[in-house]
Every structure is written in structure tokens, then in C-alpha cells.
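Working notes, beginning with the structure itself.
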Amino acid sequence: MQRSLDARQGECGALSCSAMPYEPQSIEARWQDFWRQRETFRAERDPAKPKYYVLDMFPYPSGAGLHVGHPKGYIATDVLARYKRMRGYDVLHPMGWDAFGLPAEQYAIETGVHPRETTRRNIATFKRQIESLGLSYDWSREIDTTDPGYYRWTQWIFQRLFERDLAYQAEVPVNWCPALGTVLANEEVIDGKSERGGHPVVRMPMKQWMLRITAYADRLLEDLEELDWPEPIKKMQRDWIGRSEGAEVRFPVADHEDLTIEIFTTRPDTLFGATYMVLAPEHPLVSRITTDEQRAAVSEYVQATNRRSERARMADGKRKTGVATGAFAVHPVTGARLPIWIADYVVAGYGTGAIMAVPGHDERDFEFAQTFDLPIVHVVDVAGQELPTTGDGTSVNSGFLDGLPSAEARRRMIAWLEAEGRGRGRVTTRLRDWLFSRQRYWGEPFPVLHLEDGTVKLVPERDLPVRLPELDDFRPSGDQRTPLERATAWMETVDPETGQKARRDRNTMPQWAGSCWYFLRFVDPHNETEPWSRECEQSWMPVDLYVGGAEHAVLHLLYARFWHKFLYDLGLVSTKEPFRKLVNQGMILGSSWRYYDDNVTDDPAARPRVLSFRDVRAEEERIVAADDGRELKARWVAPDRVRLVEGRTLHPTLDIELEEVIEKMSKSRGNVVNPDTIIAQYGADSMRLYEMFLGPLDKEAPWTTEGIHGVHRFLQRVWRLFVDDDLPGEPARPLSEEHGPDTQERLSAETIHGVSEDLEALRFNTAIAKLMVFARDATKEAPLSRRSGEAFVKLLAPLAPHLAEELWQKLGHTESIAYAAWPLADPALLASTTMTLAVQINGKRRDEIQVPADADDDTVRSAALAAENVRRHLAGRQPRKVIVVPGRLVNVVL
RNA sequence: GCCCGGGUGGCGAAAUGGUAGACGCGGGCGACUUAAAAUCGCCUGGCCUCAGGCCUUGCAGGUUCGAGUCCUGCCCCGGGCACCA
């Protein structure tokens, strides 16, 4: 940079030297206003152009606002949206709010502020933060799931489900969470606790709305094949659906002519090895078949099972427990009497809640049989292995199956069962119908009326939406009454068609309802006569790229696919699947510092003993003091409060060394970084660039505030490439209208080529690296040519849009760069005239040679053998073999 | 236990079976400065007998002219599922 040091000195005499050369704060606000006022990103559909629908999983606007981890996916989709626009696509890039749900309501209960109010405030904060990143959303399509104009159509879709018998009410055992005062879907229960809040959940029967997602199980499974989704996510969905093939077999109960036990097995070939039966403790037949002698023991076991949470059951490990019912079943083939047991290793919710136990070929049955001294029979021979064997082999001791390989034996047994009327081939799924009602306030009301005669009918379409009633008290009642039942005037109504007295439904829909179809509303958000028009749907759907967190693998993504398939069957959408390509962005991690104390109960009056991480050890799940073994609790120190003393990291006031822990950002750890602070200091473009530069999009990465310096320096360098801030009044450095030197033109072509490829593949980190190389090297030999300079600004535009707009304007353009045509690399420049080849000897790099790009193998070979260091290694010997890899290297084998 | 990812400099990371460590952080040296910051330039995996050479992508083998990349076995970390019949 030999440019005018003299000018700089001259300037310093007259003016302050502290003027910032590149001031993102003023640039960014100006361009954000520009985009807003011009509606630059309003999506319009021109049928002559290809379309690109790029979508973020819309956020739940929580009270805490965004931290730097949230926008990573939004930035990535924004880069792609901007890139695709410049590539000539019509881009649909919308944003909205998934605003119904528990946290707003929990907050309302704590503070007394209406959820509508907190939701409004939270949305305002989220929107301000998102806008400050310069994301190119079409805000005219903003959606809020709590808006009656939106949930009207959520209710409308529910009505269509009801009409097709895909929504029904049933008395089912549900996951009741007393602390939240609601039931939860299976997907919302993790380890026997609620996904939100970690409260205990108990199973109990209740009348609930259900959606028949099981009717779509096969299609949800099959159509995964055609999706460009991460393999682990597809796998999780397959596992969740849990399809397995096998047979249903009916075992008559001895001495109860009217009773049969129905079981499901994937191994009908082992039927001859069944030596006893097991029912889940909750199985409906238990009380009917239990003999008087066993009744006391059985009921005690059933109660004990109910009391123990699933967590406690798991903590017990694999120890088998159970009680005999005293009853017997009749083996459908041999007629043998098999004792019927109950045991909690058979779960009520899977299959039929009953099994035939084949201890010879099932590890669980084997353990149980050993524990209770039940007979074990060998019916499948697997290459001399000892029992229990669970793999395929050859049937033995199995009557008409003897000698058959397992697969054939299965077919033969199913045929026999069907011929004898004792069973049939069957496929089961682990997936169960979706429990769709919640006993909460902040959700969509069900658009139905319960008439006095018990019938349920739909609210007429013209009366939609059924609005949420106003309530002052949102609390769950503690019993099973719901908040809506307090709105008595709202609950008691009349059927507008018959004039009969009617009650509204007391439940609301779960949080997932609104997100099942929001991507469809985005294509036609202001339509008041239908949820979306056919025309809009066909011009934008499906979503071409969907980016969001992996935590939605089996919740939102499965539910949304289910609704979409249903809408497809109705002819309302034209694609079987809503999301063609899915990418999970990796989390951004924060760092905090840890120590321990013995105030395990968080007693504020305690004077705890404080320990460094060096003085503790892990004992199973707990952390204890290394010396006296007392139990400890982890404490956290935010990174800005630690003291660095002689290379050690210490507590702010105490003399103990802290341990750095890098994990998901959360309030409780004090490791959250607010994007507002980063943007105020470095600007949105630096923030965007940094998050994209950290590493591959789908990988998690730790946030470090030093790291952002690098990309900020890069943007400053870019600024100076175009703007001479030492010459006030000069809008831009004059760029040469001539072609630059060959090296510059070639670098430009390579950068265009490389950045384009990287953006297509979502490799933002390497795209940025290539831009950095250009900015570093382009002006080494000569000033930048206009041609290369403008191409570079365009390449930068998707990643750092504010700076690119500013430079584009300084280069004399009056239109936004947002729709400027993406540059194309001159292929002639990509092919260089000479090339540098590495020369290896026995696979080790020893020298390099320069040869013309079109040199033939012989020329390359002799050049390689003539290289100085090669001659030294050869020392007169003849190489055994010379391998020429065109364009790459030469390997001389001795 | 089972199923996925992943182990590369002090750190974040690059690398169609073909020059390992691009780019960035941090660090070092120098220029500019009264000074500092900012900026700019150079250096920065380890070791040695240093114009050269040896070692190096979790560990141990294998395939290949050539392996971070492919194969076999193992170790460690992260995630998902978990008595699923």
C-alpha cells in the first residue's frame, strides 16, 4: 500500500486522524431504511423466471430476545436468498412468529400481564433485532400465528381433518403434567418429564382430541426417500414411526372361552419356542384373568408400577420383575398351557401390550425366564451359538418348520396362522395418534360445538375464527378444569343452525398447530377468502431450502409433513412433501467458567465451602469433593468477570482456579452474547460474516469475541480498496477502466468461480476465505480495474450487503445491488498458461517444476527428472517408474 | 447396549485418493507514531547436524506409485434412541 502517505500526513495537520475509515453504524442504518422504504425485497412472481423459496423455522418470540446463536440460520438463508436474487430467481424469503404456546402463558401467570401483550412486546424486540442484521425478508408477508386472521385458517384446516375422520375425540391414557396443568404429546415428554420445564408427567385416562397421524405412517416413511434432508434426521423420523413387520397371533385363555390374548411378534418363526406369556401391567385383561390366589400380588404389582416413574424404572436397569396371574394361555399350535405373567418390561403402549415370551431367542425373555425359573426352549439354531440367540438361523424343535431358514419359517408360520384363523401377518408402528388438545389458554380454540345430545358439530365456516375469549386469570385450575371454562359466557352458546343450546370446546390446540402450515400461508398471506390461492401455491411451493435446528426432527417436521400430505389428498397443495431440502444449522456455543460449592440446596444464608474444579471428582451422576466426598453443586462465572493471573483463570474475588466450559448459550450459565452489543461495536456486516466464517453451517462452533476482529479488518480492507478516506470529497478511488494485469484478471476469475461454487453448496466459510484472498492480493501489482472491482462487490453483496450497497453506490450506480446480475468467470482466464507441478520421490514431495499448461506427459516427465533436487535424490540411478498425474504432480518411484 | 456424527497447529478451520495445515484468531518481528491504538509488511506444526533432512491429521494394521481421505480392529468426544416384542 504505497498510496499517498504524504496525503495522510497533510490531512493530519488539518483534521483529526481519528476519523473511522469504515463506519458500519451509519452505513447500515441508511441501507436498512432504503430497503424498507423501497420494499426492495417484496417477492413478486414472474412466471418467466425460476423461483426459489428459502425459509427459516420461524421463531417463538421469547421474552429474553435473541442471542448470537439464534440468527446463524437466518444469516445463512439470507445469504442464499440474496445470492439467488442476483442469479435471476424470484425469491420468496418470509419471516413470522410462532407465538402461541406455554412460555408466554407461564410468564402471564407469573406477572399477570396478558399473553397478547407480552407476545406483542416480544415480537417487537425480535423484529427489531432481526432487522438490525439487514436480513432481506419480505416483511409484507409477516405472519403471527396468534392473529385471528391466521388462526381462522388453522381452525379451518382442523375442520377438514374432522370431516375426514382424521380428528376425533377419545378417552385415552395421556401424559398429564400436573405442574403445567395440561396433557402433553408423546413427543413432548422426555424421560418421563415435560420437554418444557422438566416437570414430572403421569399417565392417566382422559377424553382428548386426537389426530390420526398413524393413517399416514407408511407414506411419511416412504416419502422420506425423495427428500434432500440430513440422513440422521430421516433416521430419527424412521425410528419414531418405527414400522415393523411380523404377525399378530391370538392365544386363547384357558378356562375363559370368551377371552383371547392378542400379541404381536416380529419372529413368528419362534412360535414353537414360546413358553409363557406376558401382559403389560396396564393391560385390560389383567383383572379378568387373574386368579383369586394371585389377585393380591397382581394388584400390588400394578400399583407399584403406576407409582414408579419411567425414570425410576430405567434406573433399575435391566433387572426383571413380574408376577404370575395364575391364568394360562393355550399355545395356538401345540396346545400347551403357557403361564400368563404380568411384568413392566412389556409396555402397554407398543403393539398390543402383550407378548409371547420366547426365552431361547430374546434377551429380555431369557433374563425373565432365568429370574423366575421358567422353561427355555431352543427353536432356532444359529451356527453353534449358545442361547439366547436373537439372529436368524435354522428352525429346530419346531414341528413343520424344522430345517427351514428363519425368513422362510416366518412366511410358513404366517400362512399357517392365517389358514387356521389363529393370526395373520401384520405391520405395526411405534407411532401413535397425535394427542392434539391442551388444557391451556394461549392457543387456538377448537372450532366445534358440543350439543346437548352429545353430538359434536363444526362451527359454520362463516363464523370462523372462533376467537379466544378475554380472560384475566389464565392459570390452570389444579383440577382438570381448563382456563377456557372460566369464560362461561363464551362457553355457553347456541348452534346458529338449529338454535339448540351448545357448549364450546374447553381445550386449545397445541403449539405445533400453527407451524404445521405457516409455510403455505406465506405464499398468500392476506387472502381472506381461503387459506391460500391455488395460483400462489403452485408458483412458490415447495420450499426449496428449509433451515432450522435439529431439535425439531420429530416434532414440527413430522407434524407438518402429515398436514401437508392431508392437504395434498384434498387437492389443496400440489406437492407430496413441503420441504425439498433441509439443513440443520449447528449451534453457536458460549463459554463460561465453573467452580463448585457445597450449598447444594441453594440456601441464601449458607456460608458454603468453595472448591476449584481440581478438587472434585465425579461419582456416578453427582459431583463430590475429592477429599471428604461431600456433594457439590456447580457455580458459573461469566467470561467478563474472571481474573487472569499468571496464566491462570481465577474467580473474581476468591483465590480459586476456574474451569472453562463451552456449551449451549443459556441465561443460567451467563454465557449468552447479545447481538445488539456486537452490532453496535462492529456492525451487522461483521456479525454476519463472522457467523458464516466460523466453520461449516451445520457444525456447532464456539463464539469468541476476538474472532470477529478478523472479519472486521477484512471489511475495512475492502473499504479502502474502493474508498480513499484521505481524500475528503472523493467518493471513491478512481478505478482503472482498462483491464487489470493478467494476474489480477485471473485472480478475479478464480474468485468468481470459487465463491459461486461455495455459495451453491452453502460453504460460506470457504467463500469468505476466497474473498479475503482477493482483497489481500488483487492490488499487489496494479490498482484495481473497474471490471474486477465491481465483480468483487457483487460477490460480497450476499454476505455483507450494507457495505456492498454503499460501495456499489460509490462506484456510480443508482440502483440497489440486490438485483445486479451475478458475475460470470471468463473460462479462458481460469485455464492458466503455465502450471506448477509438485515432484514426489516415492510419494514424498521433493521439488516442483513449472511447465506449460498444455505440456504432454513426456515433457512433464523429463522436466521432473531434470529438477535439481530430483537429480540429487536419483544420484544417477534410473527410476523404476514415473507417474504423471495431469495437472497435479509427478511421482518418481525408485 | 444400539444407531448416527466427529477426532487435523496454541485456537476456529481448509484439503475431487495427488504439494497437509488455505483463510482467520492468537503470538512474534519490523514499518509508521513523541507514545499508544489503528493500519501496513514479514514470520508462525514439531524436531535436527537447517540452501537440506526427519517426524506429523486419535491409536494399531492393511490396500495403493501415493492415504487426513478407502478397508479392518480399537480408543476418546458429541448427538439421537433405549426393555419396541
Side-chain angles (χ1 to χ4, degrees), chain A residues 1-3 5 8-9 12 17-18 20-21 191 230-236 238-240 242-244 246 263-267 270 278 280 313-314 316-320 343-347 349-358 361-365 367-368 390 428-430 550-551 553-554 663 689-690 693-696 698-711 713-714 716-717 720 763 765-773 776 836-848 868-869 872 879-894:
Chain A
M1 290 275 153
Q2 69 273 51
R3 78 186 154 81
L5 289 172
R8 173 181 285 259
Q9 280 167 344
C12 281
C17 264
S18 64
M20 279 283 290
D191 291 346
E231 224 22 77
I233 299 291
K234 291 199 204 179
K235 174 83 163 60
M236 283 164 71
R238 282 190 199 106
D239 288 350
W240 189 263
R243 184 180 196 275
S244 55
I263 62 105
F264 174 76
T265 177
T266 53
R267 294 296 303 273
T270 64
V278 185
R313 284 201 213 178
M314 279 197 296
D316 262 1
K318 304 289 175 197
R319 204 173 71 240
K320 295 286 181 289
D344 66 3
Y345 85 92
V346 173
V347 297
Y350 184 75
T352 61
I355 61 157
M356 67 172 190
V358 184
H361 306 284
D362 181 286
E363 281 171 19
R364 297 152 299 174
D365 298 345
E367 283 169 30
F368 192 83
T390 55
T428 54
T429 57
R430 192 182 103 115
E551 66 274 18
V554 290
E663 60 193 343
L689 224 49
Y690 178 58
F693 189 60
L694 273 173
D698 55 357
K699 251 195 92 178
E700 58 186 34
W703 177 276
T704 64
T705 299
E706 303 82 62
I708 203 169
H709 292 147
V711 291
R713 275 200 277 264
F714 161 67
Q716 288 183 331
R717 189 201 279 265
R720 286 193 310 271
R763 289 189 302 252
N765 53 334
T766 51
I768 294 165
K770 289 179 175 89
L771 293 172
M772 286 172 164
V773 171
R776 183 192 64 192
T836 306
L837 299 184
V839 184
Q840 298 181 331
I841 291 170
N842 290 339
K844 275 192 197 302
R845 184 182 182 281
R846 294 298 177 189
D847 210 333
E848 60 181 39
E868 189 188 329
N869 209 18
R872 221 167 48 79
R880 277 203 320 194
K881 200 167 166 188
V882 178
I883 293 154
V884 178
V885 184
R888 287 282 176 185
L889 51 66
V890 182
N891 190 9
V892 178
V893 183
L894 291 180

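Sequence lines set the chain letters: A, B, ... in the order given, protein chains first and strands last, and positions in each chain run from 1.
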Look at the side-chain N and O atoms of A:R872 and state whether any lies under 4.0 Å from the OP1 or OP2 oxygen of B:A51. no
Nearest atoms (heavy-atom pairs only) where A:D365 meets A:A357: OD2-CA, 3.3 Å
Candidates B:G26, B:G18, B:C84 - which lies nearest the side chain of A:V885: B:G18
Pairwise C1' distance for B:G58 and B:C75, with rounding to whole Å: 7 Å
Under 3.5 Å on both distances, the Watson-Crick or G-U partner of B:A31: B:U39
Mate of B:C2 where both pairing distances stay under 3.5 Å, Watson-Crick or G-U: B:G80
Measure from the side-chain N and O atoms of A:R717 to the backbone N and O of A:M772, and report whether any donor-acceptor pair falls under 3.5 Å. no
Between B:G10 and B:C59, how far apart are the two P atoms, rounded to whole Å? 14 Å
Using Watson-Crick geometry (N1-N3 plus N6-O4 or O6-N4) or G-U wobble (N1-O2, O6-N3), each under 3.5 Å, B:C70 is paired with B:G62
Here the distance between atom C1' of B:G78 and atom CG of A:D698, to the nearest Å, is 14 Å
Determine the contact category for A:V773: base if any of its heavy atoms lies under 4.0 Å from a base atom, sugar-phosphate if only primed atoms, P, OP1 or OP2 are that close, otherwise nothing. sugar-phosphate
Write down the distance separating the C1' atoms in B:C71 and B:U63, rounded off to the nearest Å. 7 Å
Please give the nucleotide sitting opposite B:C23 as a Watson-Crick or G-U wobble pair, both distances under 3.5 Å, or none. B:G12
Atom-to-atom span, CD1 of A:I233 to P of B:G80 - whole angstrom: 11 Å
In whole Å, I'd like the distance from the CD atom of A:E848 to the P atom of B:G52. 12 Å
Could you state the NZ-C1' distance from A:K699 to B:G6, rounded to the nearest angstrom? 7 Å
B:G28 versus B:G45 - spacing of their C1' atoms, nearest Å: 16 Å
Is it the case that the side chains of A:Y690 and A:T704 hold a donor-acceptor pair, with the cut-off being a distance below 3.5 Å and no angle test? yes
Which value, in whole Å, describes the distance between the C1' atoms of nucleotides B:G24 and B:C74? 35 Å
A:K881 vs A:N891, test: side-chain contact (heavy atoms from CB on, under 4.5 Å). Steps then yes/no. CA-CA 8 Å; A:K881 200 167 166 188; A:N891 190 9; over 6 Å; no
Taking only side-chain N and O atoms of A:R713, does any of them lie within less than 4.0 angstrom of OP1 or OP2 on B:A38? no
Between B:A22 (P) and A:N765 (CG): distance, integer Å: 14 Å
Checking A:D847 side chain against A:N869 main chain: does a donor-acceptor pair fall under 3.5 Å? yes
Is there a donor and acceptor pair, one atom on the side chain of A:K235 and one on the base of B:C81, closer than 3.5 Å? no
Nearest to the side chain of A:R720, which nucleotide is it out of B:C40, B:C83, B:C84? B:C40
Work out how far the P atom of B:A13 is from that of B:A22, and round it to whole angstrom. 15 Å
Interatomic distance where NZ belongs to A:K881 and P belongs to B:G18 [whole Å]: 18 Å
Atom CZ of A:R845 and atom P of B:G52: how far apart are they, to the nearest Å? 11 Å
Pairwise 5' ranking along RNA chain B for A:M356 and A:L889, keeping only the more 5' one: A:L889
RNA chain B: A:D239 or A:T266, which has the more 5' nearest nucleotide? A:D239
If I take atom CD1 in residue A:I708 and atom C1' in nucleotide B:G26, what distance separates them, rounded to the nearest angstrom? 16 Å
